[in-house]
Amino acid sequence: MAGKITKVLVANRGEIALRVMRALRELEIPSVAVYSEADREAAHVLFANEAVCIGPAPSTESYLRIDKILDAVRKTGADAVHPGYGFLSENSAFARALRDAGIGFIGPGPEAMEMMGNKLTARAAMIAAGVRVIPGSDGALGDPQEALRLSREIGFPVMLKAAAGGGGKGMRVVRDESEMASALEATQAEAAKAFADSAVFVEKYIEKPRHIEIQVLADRQGNAVYLGERECSIQRRHQKVVEESPSPIVDEAMRREMGEMAVMVAKACDYESAGTVEFMVDAHRDFYFLEMNTRLQVEHPVTELTYNVDLVKLQIAVAGGEALPFRQDELVPHGWAMEFRIYAEDPATDFLPSTGKILRLREPGGPGIRHDSGIYEKYDVPIFYDPLLSKLVVYGQTRVEVIQRARRAFTEFVIAGIRTNIPFHQWLLRQPAFEKGDFDTHFIDTHFRPEYLKQDEALPFVALAAATLAYHQHGRRMNFAGLQAFSRRPSKWKLAARKEAVTRRQS
Amino acid sequence: MAGKITKVLVANRGEIALRVMRALRELEIPSVAVYSEADREAAHVLFANEAVCIGPAPSTESYLRIDKILDAVRKTGADAVHPGYGFLSENSAFARALRDAGIGFIGPGPEAMEMMGNKLTARAAMIAAGVRVIPGSDGALGDPQEALRLSREIGFPVMLKAAAGGGGKGMRVVRDESEMASALEATQAEAAKAFADSAVFVEKYIEKPRHIEIQVLADRQGNAVYLGERECSIQRRHQKVVEESPSPIVDEAMRREMGEMAVMVAKACDYESAGTVEFMVDAHRDFYFLEMNTRLQVEHPVTELTYNVDLVKLQIAVAGGEALPFRQDELVPHGWAMEFRIYAEDPATDFLPSTGKILRLREPGGPGIRHDSGIYEKYDVPIFYDPLLSKLVVYGQTRVEVIQRARRAFTEFVIAGIRTNIPFHQWLLRQPAFEKGDFDTHFIDTHFRPEYLKQDEALPFVALAAATLAYHQHGRRMNFAGLQAFSRRPSKWKLAARKEAVTRRQS
Amino acid sequence: MSAHRYVVTLNGEKKEVSLSPDGERWAISVDGVTHTLEQTVIERDEIYSLIIGGQSYMVDLVEKNWDSGHFTVSALASSVDVTVRDELEAIAEELTGGSNKEGLFELKAPMPGIVVKSLVKAGDLVTQGQGLVILEAMKMQNELASEMEGIVQEIFVSDGQMVETGAPLARIIMEDA
Amino acid sequence: MSAHRYVVTLNGEKKEVSLSPDGERWAISVDGVTHTLEQTVIERDEIYSLIIGGQSYMVDLVEKNWDSGHFTVSALASSVDVTVRDELEAIAEELTGGSNKEGLFELKAPMPGIVVKSLVKAGDLVTQGQGLVILEAMKMQNELASEMEGIVQEIFVSDGQMVETGAPLARIIMEDA
């Protein structure tokens, strides 16, 4: 597809669909929502100019169905698709199908997706391009001697990992040479038992790992720039919860070094559009390429605030064939931004998901507050999808101001009817280690316990008083109403009903 | 008062009281609201930590009563007062009474207020300090000869003004020498008749006047800086409606020149805290001192966005004795910001005020939106005060982006139950002259007509369909309910009521 | 497949509307032209989502009076007043002349406020556009004018009185009435 | 100045509350300690403003059941469940033992979801903390465990079934019950 984009189908739901549609509306490009049967009332359907139902609730029967989305594109005459994140956003078959149909895809080409989609080929390609990756063996280890030799090269401590493993299983830290033989034997045995595959490889063990990523933007003309870093180490079960930009540990020199490496990654895969290069950073601030996310990230707003750009509108411009409107040296960050993901899950009960109707919604306002939301008052949160409700993004001059402002914002924020992780954020914002920026990806697991959650000490009395008054006054009213019941003037509707009742009784 | 501020009473209401309390909460300083009997449910009362009633609805009996506010200060133990804007904010007697009572005033000293409070003394002092004012006679004109001589000095066209006049009455433009004699006679006669005082003076006539003001900040240590300009020419009856920063006609050189003059004004009156120096700018971009507002302005947020500062927190710091945290050369503006004042008045009926209950409130969100509000859903807007409900402040990279974003935001904004000027803003944002930045203070008067207001062409059918469905479905339900009425299981409350009814009948 | 007939007034125009269920949708005919629409009730009598010809609309029923059929409907960043009547009721009202009274103008308060001053008194002759009452609301004084020429029959308020929206302020009758 | 007496349960504690009108305010005594409070109703049964000892609170009554007296109250950036009973009702319930059943654990769905799999069947012996049912909600699988040791009396759901919050999933009884 080439030339001006005139109508865009957003192949997603929730807050990111709204985020994209807001950019489209600013550009006066009509937006098309697609929705599953469970999403008829979803915020993105209400916001869009047009809306098409694409199937039953499970995403495998709707949001993940390439054929149905192509049908909706044809039906509405959209000439481009924005995939958001998740769902089909990194599916190269989808990008290819659109290209074949002559429809624009607001994102990178399928080739870049494929290259970055497989961790092993991505790693190999990046090594070839001169990008620093976590040092390790590229294949399975044979005996303890080979393991020792490689580990000496890498430097202790190292991590033994089952090749077929994942999710933290089949991993063992080896701190010095003496531990190697027994550790290798144990890991191989464990791997054989758990995954029916005893292959084990060795990798540098990253102590106090931080997850820091670089936003890149590239156009069809071959320009590529970086827009600083995002610190994403506050995670729970590999799910990011709070992100910020800049990172408390990245200075200008490190930003330039990481940024230039990220641009190298983007160029190595002929990247177009917005993308993110993820790095693992160790306690010495050494960083290693982890993977590239070939899409817009959930946490893109913190970059938008510090660089005063609109990444979605830039994606749309690039997809329309325009060149990037700035050079690297024009991109200077200002201030500090933090994003708090609002999940429908209860931190008091091990983050159990919570769904239901949002009975009351009161959003924070005033200076430095951005709310990217996918909900509204009276919305019934369905059970079928990701629990991300919205993102509260806070901006200020310094990190201290952002923390103070976020605390203030959470005193204003009311989401009632379902449980959310807001109490978790309130806890986090009072942790001295978090305030100092001293944390790694293990922070939540090591520091958080549900019993640490606190409510204002005045709450019990205030709630008791309010409930007692409500109950008392309701009772009074009901008694009064009962006394009045027979003396009321019948309304037109009641008369009609009475007439109908009489008629039926007669027939 | 000196030293740390530990509790602040906000002597104001509406959106500005909330704005100040948000800053206080970020600093973890408890806030005290004062309220009139008509404001018991006002947003600032709900937001504050403490609340004190200070009298009946009319502001002369509550918000303007220095004695009652001092009582509230004593009762709550507040050690400082923030006056907001309007009410007592520029009342030097109030500032003096607080000083005498040893209570901090978050604003300038009474001396600066007094010097700037009287237009004539302010003008004289500024001339003495070397500040450029609108050229004119400093006293009443005698005969046409004197008028001619002075007008030649000033340069035609000039304006004849009744000394006792105001609000646009007793003014006459004189374009060349031949018109002078008759114009002077007519103006003097008119002045004598209207104000019982025939004194008339002459002043340079500013063609296509723009109202542009400079934000200044000064501390007790003698530092004073400027934070760029605000363009405030979109006015109706001398009431600002839309403000922006930067101004479309101010470049870096002009900003520096105006800024340095504003700092000169602030230093000439030994200013402390945030203040605003207003200028009149003519079609040649020459600017003249008009007056200084010795308080926080309604439109301060556009400066906060372009300079990434929190003016209220800076006021609090300065009032606590701290020095300004930046030097002039560290203050560089970024991006563009525009503020849209949301008034409870109906642009379709000559901006007639509108009050009543806000039945639905849905605020815009997403990138670049700040909402400084004094309302909430279910709030009943009282009739006694200023019709300003809230301020929608929009930020972006360029002026074009801000206009596009504001249009988008107004498609999301729902305030139902009362009339607001939102339709006016929607009209304004589509005016080519406004888009080009080509306007002056006469813009609304010359360009706006209620019949230009437009609604979406799909609205009539959508509204018709929705209302018909509602009416139809309600009717069906009522008929059904009527049929069911006698078969319902009685609730506990109804039983209790019935029992009480029986009891009463027996007694 | 019964069609329900209504008469709907909007922006001063009367439309004949018929509404029939059509599976999970509705067929709605306005002055003979039929549209298919899909309605989802988000909050009963409060918030709807309508999809009409593929276009999506969020609609708020802001005010409603079930007896009179008056609604204020908010959608598309704006709002409009609509009146819905059953067809039979509408015909009956037309036959009895409804509550329209000609040769009479009743000034009502367009907003809550305080009566600052009555500018005329009973028996005065007034012209169209002449100010009758000054009402103050939110620090602004508003002069409310007569919509017709005639004689002041009655002033219903006294100076300094607080009034609610819709309160009758004055009645003007035709000179020869 | 009649005082109305209630028994209020909050955070597992029962409090004796008495409420009496005191001019435009209320006197509220909790376990014998009296506070004066001022209430303004912003929206009936929905939103209150309370001023207690000069402190200001905005309160939302999010959920309410007038018959059972169960409320969810939101205030101070948090929320809490409260149950209010008339004093006489509370005494009556205490005497009849309420609905407490000992030696029995009924697993209920803590959220709406899809039953992925039952991990036990009727007649199985289970220990405290042993998983009974896997429930999937919002793409996450949650293992729901028994709160007591005992015998599975019944599994109420089948694999793949959708359930609402509070739906009974399984019942465990004491071994010697």
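Both backbone and side-chain heavy atoms feed into the values below; hydrogens, waters and symmetry mates do not. Note that the coordinates shown come from a computational prediction; the quantities given were computed from them, not determined experimentally. First the proteins, then the strands, lettered A, B, ... as listed; each starts at 1.
A salt bridge links A:Arg22 with B:Glu412: the distance from a Lys NZ or Arg NE/NH1/NH2 to an Asp or Glu carboxylate oxygen falls below 4.0 Å.
Counting non-hydrogen atoms of other residues, nucleotides and ligands closer than 6.0 Å to CD of A:Glu330 gives a total above 12.
For B:Pro301, no part sits under 4.5 Å from any heavy atom of chain A, backbone or side chain. Heavy-atom distances place no part of B:Lys391 under 4.5 Å from chain A, backbone and side chain included. Proximity to chain A is absent for every atom of B:Glu15, based on heavy atoms less than 4.5 angstrom apart. Looking at B:Tyr395, only its side chain comes within 4.5 Å of chain A, counting heavy atoms on both sides. Both the backbone and the side chain of B:Arg405 come within contact range of chain A, each with at least one heavy atom under 4.5 Å from a heavy atom of that chain.
Within the 4.5 Å cutoff, no side-chain heavy atoms of B:Glu363 are placed close to those of A:His371. B:Arg407 has its side chain within reach of A:Glu28: a pair of non-hydrogen atoms, C-beta onward, lies under 4.5 Å apart. Within the 4.5 Å cutoff, the side chain of B:Asp372 has heavy atoms near those of the A:Pro367 side chain. Taking 4.5 Å as the limit, every side-chain heavy atom of A:Asp310 sits out of range of all side-chain heavy atoms of B:Gln397.
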Could you go through A:Arg362 and B:Glu377, starting from their C-alpha distance and side-chain angles, then the distance that decides it, and tell me whether this counts as side chain to side chain contact (heavy atoms under 4.5 Å, CB included)? CA-CA 9 Å; A:Arg362 222 171 277 131; B:Glu377 194 171 283; over 6 Å; no
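Taking A:Lys313, A:Glu26, A:Gln404 one by one and counting their heavy-atom pairs under 4.5 Å with chain B, the maximum is reached by A:Glu26.
Put simply, CZ on A:Arg408 and CG on B:Leu24 are 11.0 Å apart, with the number rounded to the nearest 0.5 Å.
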